[in-house]
Amino acid sequence: QLQASGGGLVQAGGSLRLSCAASGRTFSSYNMGWFRQAPGKEHEFVAAINRSAGSAYYADSVKVRFTISRDNAKNTVYLQMNSLKPEDTAVYYCAAAKLSFSKNEGLYEYWGQGTLVTVSS
């Protein structure tokens, strides 16, 4: 089970850190990803990190501004979001994939409930 938190209302240029806490003892065996869905739009890949946190990659739209990280001892994955823009407004979801390290949402087996990020201009 994945529980995302940390969303809220922030002004453009501000920062937020999202957290996604996982239950169970096998968190470290999953690759983790963040996706988002803006109003009226489809799911969009944001970032992914592999099991050991040795590799990560990002959507071009968030590269440099966002950083994904994880703490396997705390069963938590994070998304640090800096220099936020109004177009970053969306519900953000974390997801877990046992085998794949991918931006393809279809390869993620488990999903959190989402946390809303609203960026005002």
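Sequence positions, counted from 1, serve as the residue numbers for this chain. These numbers were taken from a predicted model, which means no experiment stands behind them.
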I'd like to know if [Y] and [X] are part of one continuous hydrophobic network [Ile/Leu/Val/Met/Phe/Trp/Tyr, side-chain heavy atoms within less than 4.5 Å].
X: F45; Y: V62; answer: no
X: M81; Y: V10; answer: yes
X: L84; Y: L18; answer: yes
X: L107; Y: F35; answer: no

I need the [X] [atom1] to [Y] [atom2] distance, nearest 0.5 Å.
X: L79; Y: S69; atom1: CG; atom2: OG; result: 8.5 Å
X: Q11; Y: S121; atom1: CD; atom2: OG; result: 9.5 Å
X: C20; Y: Y110; atom1: SG; atom2: OH; result: 13.5 Å
X: T76; Y: F27; atom1: OG1; atom2: CZ; result: 6.5 Å
X: N31; Y: Y108; atom1: CG; atom2: OH; result: 6.5 Å
X: Q3; Y: Q113; atom1: CD; atom2: CD; result: 4.0 Å

Parallel, tilted or perpendicular, as decided by the 30° and 60° cut-offs, for the rings of Y93 and W111: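 Rings of W111 and Y93: perpendicular, as their planes differ by over 60°.
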Side-chain ion pair, K63 and D60, N-O less than 4.0 Å: yes
Under a 3.5 Å distance rule, please check whether [X] uses its side chain to pair with a backbone N or O of [Y] as donor and acceptor.
X: R70; Y: A53; answer: no
X: S23; Y: Q1; answer: yes
X: R51; Y: K98; answer: yes
X: N50; Y: S55; answer: yes
X: Y58; Y: I68; answer: yes
X: S29; Y: T26; answer: yes
X: T89; Y: V119; answer: yes

Note, Y78 side chain near D71 side chain (heavy atom, < 4.5 Å):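 Heavy-atom side-chain distance check passes, below 4.5 Å.
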Side chain proximity check, S102 to Y57, heavy atoms < 4.5 angstrom: yes
side-chain contact (heavy atoms from CB on, under 4.5 Å) between S61 and E44, intermediate numbers included: CA-CA 10 Å; S61 59; E44 175 188 21; 3.6 Å; yes
Can you name the nearest heavy-atom pair linking [X] to [Y], along with the distance?
X: T118; Y: L116; answer: OG1-CG, 3.8 Å
X: A96; Y: Y30; answer: CB-CD2, 3.8 Å
X: T115; Y: G6; answer: OG1-N, 4.0 Å
X: A4; Y: C94; answer: CB-SG, 4.2 Å
X: E105; Y: H43; answer: OE1-CB, 3.0 Å

Derivation and outcome, side-chain contact (heavy atoms from CB on, under 4.5 Å), residues D88 and R65: CA-CA 11 Å; D88 294 319; R65 300 187 298 121; 2.7 Å; yes
